[in-house]
Amino acid sequence: MFFFTRYPSSTLLKTYFPDVQFNRCITSQLIKWFSNFREFYYIQMEKFARQAILEEVTDSNHLMVSRDSELFRALNMHYNKGNDFEVPDRFLEVASRTLREFFSAVRTGKDSDPSWKKPIYKIISKLDSDIPDVFKSSSCLQELLQS
DNA sequence: GGGTAGCCTG
DNA sequence: CAGGCTACCC
């Protein structure tokens, strides 16, 4: 699901697991998962953005996350270990956008500001897509639990 | 006060 | 990932 939405609300999550009896614990756990997912995501982004800068990449337009990139492999291994489904193109677009945002922020020295990531988070949070209805099943939660 | 986001830690 | 803590908002 993370490939579609990085910032799901609790109400959204609830609608996707209709057969789960949500209580305070389960809800907060799901929210926490996505928080952890985001942390990993952004850490990878920053890591590869800084790496690109060290490699003296100057053209951020050439900075993108393709299916054969190392960054993609890292993300896919984390969110889609068993290659249970195909990663949507939209996610690659969002990931590429994120990478460029980190790249230009670091390159222009904005990372000296303690809260320099906030603006990036805000941009990315607006790029969530609708989740396909296929995910509206309990089996999805099982997969989520396993990953 | 409960629900979250963000950050840190193990 | 989970736990714990701070800070913000409704």
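Letters A, B, ... mirror the listed sequences (proteins, then strands); counts begin at 1.
Between E93(A) and R97(A), none of the side-chain N atoms (NZ, or NE/NH1/NH2) sits under 4.0 Å from a carboxylate O, so this pair counts as no salt bridge. A salt bridge between D68(A) and R73(A) is absent, with no side-chain N of the basic residue lying under 4.0 Å from a carboxylate O of the acidic one. The pair R67(A)-D89(A) meets the salt-bridge criterion, with a side-chain N (NZ, NE, NH1 or NH2) lying under 4.0 Å from an Asp/Glu carboxylate O.
For K32(A) against dG4(C), a side-chain N or O and a base N or O form a donor-acceptor pair under 3.5 Å.
In this structure, R38(A) is positioned above the aromatic face of Y7(A), its NZ or CZ under 6.0 Å from the six-membered ring centre and within 45° of the axis.
Listed pair Y42(A) / dC7(B) fails the phosphate criterion, with no side-chain N or O lying under 4.0 Å from OP1 or OP2. Close to dG3(B), at under 4.0 Å from its OP1 or OP2, lies a side-chain N or O of R24(A).
When rounded to the nearest whole Å, the span between CD1 of I43(A) and P of dT9(B) equals 12 Å. Residue F34(A) contributes atom CZ, which lies 15 Å from atom P of dG6(B) at whole-angstrom precision. Distance L30(A) CG to dA5(B) P: 12 Å, rounded to the nearest Å. Atom-to-atom, OH of Y121(A) to C1' of dT4(B) comes out at 15 Å; the value is rounded to the nearest Å. Between the CZ atom of R38(A) and the C1' atom of dG6(B) there is a distance of 9 Å, rounded to whole Å. To the nearest angstrom, C1' of dG2(B) lies 15 Å from CG of N23(A). Across the protein-nucleic acid pair, L13(A) atom CG and dG3(B) atom C1' stand 14 Å apart, rounded to whole Å. In this structure, Y7(A) atom OH and dG3(B) atom C1' are separated by 17 Å, rounded to whole Å.
The Q29(A) side chain lies nearest to dA2(C) when the options are dA2(C), dA5(B), dG3(B). Among the nucleotides dA2(C), dC7(B), dT4(B), the one closest to the side chain of W33(A) is dA2(C). Minimum atom distance to the side chain of N36(A) is reached by dA2(C), of the listed dC7(B), dA5(B), dA2(C). Listed candidates were dT4(B), dC7(B), dG3(B). Nearest to the side chain of T27(A) is dT4(B).
With respect to L127(A), the side-chain contact (heavy atoms from CB on, under 4.5 Å) criterion is satisfied by exactly one of T5(A), T98(A), V94(A): V94(A).
Among the atoms of the strands shown, none is found under 4.0 Å from any heavy atom of F40(A). Residue-level contact check: S10(A) touches the backbone only, with heavy atoms under 4.0 Å from sugar-phosphate atoms and none from bases.
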